[in-house]
Amino acid sequence: MSTMNHYDIIIIGTGAGGGTLTYRLAQSGKKILVLERGPFLPREKENWDVKTVFNSDRYHNSEVWYDKDGKELHPGMSYFVGGNTKVYGAALFRLREKDFEKFQHRDGISPEWPLKYKDFEPYYVQAEKLYQVHGKGGEDPTEPFRSAEFPYPAVSHEARIQEISEVLQSKGLHPYHTPVGIHLNEAQRYLSECIRCNTCDGFPCLVHAKSDAEVSTVRPVMGADNVTLLTDAKVLKLHTSPSGREISSVEVEVRDPESGQVHVQQFSGDIVAIACGAINTSVLLLKSANETHPHGLANRSDLVGRNFMKHVLGSIIGVSKKPNPTKFQKTLSINDFYWGEDGYDYPMGQIQTLGKVSKEALEGNAAAYAPLTPEDVATHSIDWWLTVEDLPDPNNRIRVDGDKIILDYTENNLEAYDRLEQRWIEILKSIECGQAIMPNCSYFAGAGQTYTGRLPLDGVGHQVGTCRFGDDPTTSVLDLNCRTHDIDNLYITDGSFFCSSGAVNPTLTIIANALRVGDHLIERLK
């Protein structure tokens, strides 16, 4: 192989895991190749067009995956520089201390992690700074220990949400400000990159004021002499040396954006780090099977692709008599039921406000809202997002059949979800925010679909767990530095390493871990 194509480090993927690792390693001076299967997400007026964002595949891939029964899935996955963070809601929570410990849930055990909260805490601090997280400590009783206050002040509630917060407090609950990664300067709005608009959650940011991985980590290092970013470059296969102990080359299909022509290139690296998301990372390992790794790379434990988790997620649109003119609604969270409640000793989960639903988003399914009109609902609703931990189950796995990607997944912990949903509906009714409880048809549901309560399997924005880390090569895929036990120069820095899913959005933990692994790699490469 020509020396032209050799790098110190090859990083596959530019989302929260890959982009952050690139940022951390760029300062090492090592020669880095970053491979992204998609292009840059185009900046265009459509970024903020509701119908384009929620009812088309312009910003989601058009891949078809399959469930365990062979039914088609249309996952809300974004293949661009920045990965899924281009269209995320930028809610950046820390896992709680007890999330790292063994804990009994209704449907089984949430396992202990080999590293604890204290091991991640310094990296959470760095992650919050890097992704400009706005928040306020001391409001949420479940909040874990912090060695430093949030780097930016909490995003203020608009009037209607402030009112809801006060009413919830009067009922003995502990609403707190959602930690959000946006480039907002409320004290000097004229200097603020973020304009606090109603097209944030689920939308690409036209003004680049959302702390996505492209804006926060890739763009700042793109000009560095030692960093080469190749877009429209899909990794097809990883090849190993004859011993099977190292990755010898990375086979990449590169598409010329001008001509559309495709050619295959080989690259080699002293270190290869995969960060394609928990699903596509395991797909790549399984598809790279060879004589020394007949069941897929790094799969001696038969755990690659297993223990797939994505949270039990759902949404409630609560219609109230009072209008809700809020634009930027994603500012309020409630963890009072995170560990359960009186009379229920099992964890339930987390509640947070969603980005505000709009008339345009609901119009495609007007019948679902009758006798109310989409306009009635959008004008009077407050929109909520529920997150419940799903438990790792080795039978919940990612499989490949030729070019088919199969999500062989059966939901668990549903009682906890149902209880949280019912409890929250009761509370909404008690504060006159539940005159009608409506299905959501704009978030993750795919064009023209609606869902009541729980999100369908297509919603895999919180995917984790498919290559868990640990000390024992028979019960884990990765070691504590997220290097594969079986292959000396192969690392994974997306959500694959999680041992359990907790009940908050996983992105900040993925970012913190990528910074941690980055520090290890800088030491290793010295």
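Side-chain atoms of Ser211 come within 3.5 Å of backbone atoms of Gly181 as a donor-acceptor pair (strictly under, hydrogens ignored). Without hydrogens or angle criteria, Ser282 side chain to Ala278 main chain gives a donor-acceptor distance under 3.5 Å. Checked by atom type and distance alone, the side chain of Thr217 pairs as donor or acceptor with a backbone atom of Gly19 at under 3.5 Å. Here the side chain of Ser192 pairs no donor or acceptor atom with the backbone of Glu186 at under 3.5 angstrom. Between the side chain of Ser78 and the backbone N or O of Tyr59, at least one donor-acceptor pair lies under 3.5 Å. In this structure, His380 contributes its side chain and Cys433 its backbone to no donor-acceptor pair below 3.5 Å. The backbone N or O of Gln188 sits less than 3.5 Å from a side-chain atom of Asn185, completing a donor-acceptor pair. With hydrogens and angles ignored, the 3.5 Å screen pairs no side-chain donor or acceptor of Asp107 with any backbone N or O of Asn412. Using a distance-only test at 3.5 Å, with no hydrogens or angles considered, no donor-acceptor pair links the side chain of Ser110 to the main chain of Lys102.
With respect to the salt-bridge test (charged N to carboxylate O, under 4.0 angstrom), the residues Lys359 and Glu375 do not qualify. Under a 4.0 Å N-O distance rule, the pair Lys51/Glu363 qualifies as a salt bridge. Taking the charged nitrogens against the carboxylate oxygens, Arg419 and Glu341 do have a contact shorter than 4.0 Å, which makes a salt bridge. Lys322 and Glu432 are not joined by a salt bridge, as no carboxylate oxygen comes within less than 4.0 angstrom of a charged side-chain nitrogen. A salt bridge is absent between Asp212 and Arg219: the closest approach of a Lys/Arg side-chain nitrogen to an acidic carboxylate oxygen does not fall below 4.0 angstrom. One finds no salt bridge joining Glu101 and Lys98 here, because no Lys/Arg side-chain nitrogen approaches an Asp/Glu carboxylate oxygen to under 4.0 Å. A salt bridge does not link Glu121 to Lys118: none of the charged nitrogens lies less than 4.0 Å from a carboxylate oxygen. Using a cutoff of 4.0 Å between basic side-chain nitrogens and carboxylate oxygens, Lys116 and Glu97 are not scored as salt-bridged. By the 4.0 Å N-to-carboxylate-O rule, Lys310 lies too far from Asp390 to be salt-bridged with it. Between Arg454 and Glu421 there is no salt bridge, since no side-chain N of the basic residue sits under 4.0 Å from a carboxylate O of the acidic one. Looking at Glu214 and Lys86, a side-chain N of the basic residue comes within less than 4.0 Å of a carboxylate O on the acidic one, giving a salt bridge.
Under the salt bridge (charged side-chain N to carboxylate O under 4.0 Å, His left out) rule, Asp383 has a single partner from Arg160, Lys330, Lys356, which is Lys356. The residue from Ile317, Asp201, Val50 that alone fulfils the side chain to side chain contact (heavy atoms under 4.5 Å, CB included) condition with Val357 is Ile317.
Figure legend: cation-pi geometry between Arg96 and Phe100 absent, as NZ or CZ is not positioned both under 6.0 Å from the six-membered ring centre and within 45° of its axis.
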ask   = Given the rule in the side-chain hydrogen bond (donor to acceptor under 3.5 Å, both in side chains) test, do Asp140 and Thr142 qualify, once you have shown the distances and angles that lead to the verdict?
value = CA-CA 5 Å; Asp140 165 30; Thr142 75; 2.8 Å; yes
CA sep, side-chain torsions, deciding dist, call: Gln126, Arg24, side-chain hydrogen bond (donor to acceptor under 3.5 Å, both in side chains) = CA-CA 11 Å; Gln126 294 174 33; Arg24 174 52 52 95; 2.7 Å; yes
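Remark: aromatic rings of His74 and His60 are distant, center separation not under 6.0 Å.
Here Trp424 pairs with Trp384 under the ring pair (Phe, Tyr, Trp, His ring centres under 6.0 Å) rule; sequence neighbours left out.
The aromatic rings of Tyr491 and His520 are tilted relative to each other, their planes meeting at an angle between 30° and 60°.
Defined by atom type and a distance below 3.5 Å, a donor-acceptor pair is present between the side-chain atoms of Asn505 and Gln352.
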